[in-house]
Amino acid sequence: VLFRSRSPSPRRGENELVLRGQAAKKGKNSAIAMALADIQHTLQRRTLDSKLAVLGAQHPQTISFMIDIANCWYEQGLLREAEPLEYQVVSHRRQTLGESHADTLNAMYNLAITWKSQGRHTESETLQAQVYDHRKQALGISHPETIRCLLQLAGLWRRRGRWEEAESAQRRAIQIRGEVFGRDHPDTIEALSYLGNTFKAQGRYEEAEAAQLQVLKARVELLGRQH
């Protein structure tokens, strides 16, 4: 599961310009929506070129627009187009705001998620580890953003067969979220489901089943059987 971060406005998945993904979900007028998305992509590229020519690459309006269209392109699956913009935003944020600024960390996190989606796991892990360390120092280990970074790292470790690291991180996330939000909170249950997947990937089926049954029970109680 990939979580994107965007402050102060909503992150990817909540961008009103994303036509391609919406059409796929609704299953209606997909051909028209795809054509509109292609037109939109062309217009966005022309607008970006105009801002670069008039304002320059370092202007706040240019950077803000880069973030917006990178979000849109990521949702549309245009990772090759989104990644260079995100890299440029990270470089700009580091130069102007510093490595540990919240906006810089958000940009780094987004780039790491894009790299993960591209299968560039080593680069993604390195960048996510930096974000995690900064957020842990600035916000504390119990902050939701810190835990989200920890779970992202755990997901990478699981995918790469680093079971002990993944399990340890997921157990820690479950413990912290349980203490902060409660054992039956959706975020706590979400972390437990990830641990169940880690058990399953290792062939530890009894532990995986126990974890997933606990997840199912909590979600039925919270959302109902028909959700």
Peer 1: When you measure from the side chain of Gln212 to the backbone of Ser193, do you find a donor-acceptor pair of N or O atoms at a distance under 3.5 Å?
Peer 2: yes
Peer 1: Do side-chain atoms of Thr188 reach the backbone of Arg177 as a donor and acceptor pair under 3.5 angstrom?
Peer 2: yes
Peer 1: Walk me through whether His101 and Arg93 qualify under side chain to side chain contact (heavy atoms under 4.5 Å, CB included).
Peer 2: CA-CA 8 Å; His101 192 279; Arg93 295 295 199 215; over 6 Å; no
Peer 1: Do Val220 and Leu213 sit in the same hydrophobic cluster, where Ile, Leu, Val, Met, Phe, Trp and Tyr count as joined when their side-chain heavy atoms come under 4.5 Å apart?
Peer 2: no
Peer 1: Pick from Leu111, Asn110, Thr104, Asn106: which one makes a side chain to side chain contact (heavy atoms under 4.5 Å, CB included) with Met108?
Peer 2: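 Of Leu111, Asn110, Thr104, Asn106, side chain to side chain contact (heavy atoms under 4.5 Å, CB included) with Met108 is met by Thr104 alone.
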Peer 1: Taking atom CD1 of Ile141 and atom OH of Tyr132, what is their separation to the nearest 0.5 Å?
Peer 2: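 If I round to the nearest 0.5 Å, the distance is 3.0 Å.
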Peer 1: Going by atom types alone, do Glu190 and Tyr194 pair a side-chain donor with an acceptor below 3.5 Å?
Peer 2: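 A pair is found: one side chain offers a donor N or O, the other an acceptor, under 3.5 Å apart.
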Peer 1: Identify, with sequence neighbours excluded, every residue that meets side-chain contact (heavy atoms from CB on, under 4.5 Å) alongside Ala201.
Peer 2: Arg158, Trp163
Peer 1: Trp115 and Glu83: which non-hydrogen atoms are nearest, and at how many Å?
Peer 2: NE1-OE2, 3.1 Å
Peer 1: Output all residues satisfying side-chain hydrogen bond (donor to acceptor under 3.5 Å, both in side chains) with Thr42, sequence neighbours left out; order by chain, then residue number.
Peer 2: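 None.
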Peer 1: Is the backbone of Glu164 close enough, under 3.5 Å, to the side chain of Ser168 for a donor and an acceptor to pair up by distance?
Peer 2: no
Peer 1: Where the side chain of Thr62 meets the backbone of Gly56, is there a donor-acceptor pair that is under 3.5 Å apart?
Peer 2: yes
Peer 1: Going from NE2 on His143 to CD on Glu145, what distance comes out if it is rounded to the nearest 0.5 angstrom?
Peer 2: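 Here the rounded value is 6.5 Å.
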Peer 1: Which heavy atom of His59 sits nearest a heavy atom of Gln61, and at what distance?
Peer 2: ND1-N, 3.0 Å
Peer 1: Identify, with sequence neighbours excluded, every residue that meets side-chain hydrogen bond (donor to acceptor under 3.5 Å, both in side chains) alongside Gln118.
Peer 2: Arg120
Peer 1: Identify the two heavy atoms, one from Gly196 and one from Ala208, that lie closest to each other, and give their separation to 0.1 Å.
Peer 2: O-CB, 3.5 Å
Peer 1: Once you round to the nearest 0.5 Å, how far does CG of Leu105 lie from CG of Leu97?
Peer 2: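 Reported value, rounded in 0.5 Å steps: 10.0 Å.
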Peer 1: Determine whether more than 12 heavy atoms belonging to other residues, nucleotides or ligands lie under 6.0 Å from atom CZ of Arg172.
Peer 2: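 For Arg172, atom CZ is not crowded (no more than 12 foreign heavy atoms under 6.0 Å).
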Peer 1: Can you find a heavy atom in the side chain of Gln95 that is under 4.5 Å from one in the side chain of Gln58?
Peer 2: yes
Peer 1: Judged by modelled atom types alone, do Glu179 and Ser142 share a side-chain donor-acceptor pair under 3.5 Å?
Peer 2: no
Peer 1: Taking Pro60's backbone N and O only, do any of them form a donor-acceptor pair with Ser64's side chain (distance below 3.5 Å, no angle check)?
Peer 2: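 Checking the backbone N and O of Pro60 against the side chain of Ser64, no donor-acceptor pair under 3.5 Å is found.
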Peer 1: Which residue is it: Leu139, Asp187, Val180, Ile176? I am looking for the one with a side chain to side chain contact (heavy atoms under 4.5 Å, CB included) to Ile147.
Peer 2: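 Exactly one candidate clears the test, Ile176.
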Peer 1: With clusters defined by side-chain heavy atoms of hydrophobic residues (ILVMFWY) lying less than 4.5 Å apart, directly or transitively, does Val90 cluster with Leu79?
Peer 2: yes
Peer 1: Scan side-chain atoms only and decide if Lys116 and Gln152 contain a donor-acceptor pair under the 3.5 Å cut-off.
Peer 2: yes
Peer 1: Mind checking ring pair (Phe, Tyr, Trp, His ring centres under 6.0 Å) for Phe181 and listing every partner two or more places apart, or none if nothing turns up?
Peer 2: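 So Phe181 forms a ring pair (Phe, Tyr, Trp, His ring centres under 6.0 Å) with His185.
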Peer 1: Supply the atom-to-atom distance Asp68 CG to Ile63 CD1, rounded to the nearest 0.5 angstrom.
Peer 2: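 Answer for the CG-CD1 pair, Asp68 versus Ile63, is 11.5 Å.
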Peer 1: When you group the ILVMFWY residues by side-chain heavy-atom contacts below 4.5 Å and let the links chain together, are Val131 and Leu156 in the same group?
Peer 2: no
Peer 1: For Ala70 versus Ala82, what's the shortest heavy-atom pair and its separation?
Peer 2: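 For Ala70 versus Ala82, the nearest heavy atoms are O-CB, 3.7 Å.
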Peer 1: Tell me whether Leu55 shares a hydrophobic cluster with Val89, the cluster being built from Ile, Leu, Val, Met, Phe, Trp, Tyr side chains joined at under 4.5 Å.
Peer 2: no
Peer 1: Quick one: name the residues clustered hydrophobically with Leu192, using the 4.5 Å side-chain heavy-atom rule over I, L, V, M, F, W, Y, and just say none if it's on its own.
Peer 2: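 Once heavy-atom contacts under 4.5 Å are chained together, Leu192 belongs with Ile174, Ile189, Leu195, Phe199, Val215.
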Peer 1: Does this structure show an ion pair linking Glu125 with Arg160, if we count only N-O contacts that are shorter than 4.0 Å?
Peer 2: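 The answer is yes: the pair qualifies as a salt bridge.
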Peer 1: Taking the side chain as every heavy atom from C-beta outward, state whether Glu167 and Arg204 have any atom pair closer than 4.5 Å.
Peer 2: yes
Peer 1: Roughly how far apart are Leu153 CG and Ser124 OG, rounded to 0.5 Å?
Peer 2: 8.0 Å
Peer 1: Tell me, please, which residues at least two apart from Gln130 pass side-chain hydrogen bond (donor to acceptor under 3.5 Å, both in side chains).
Peer 2: Arg94
Peer 1: Near Lys51 NZ, under 6.0 Å, is it more than 12 heavy atoms from other residues, nucleotides or ligands?
Peer 2: yes
Peer 1: In Å, rounded to the nearest 0.5 Å, how long is the span from CH2 of Trp157 to CG of Leu150?
Peer 2: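 It is 6.5 Å, given to the nearest 0.5 Å.
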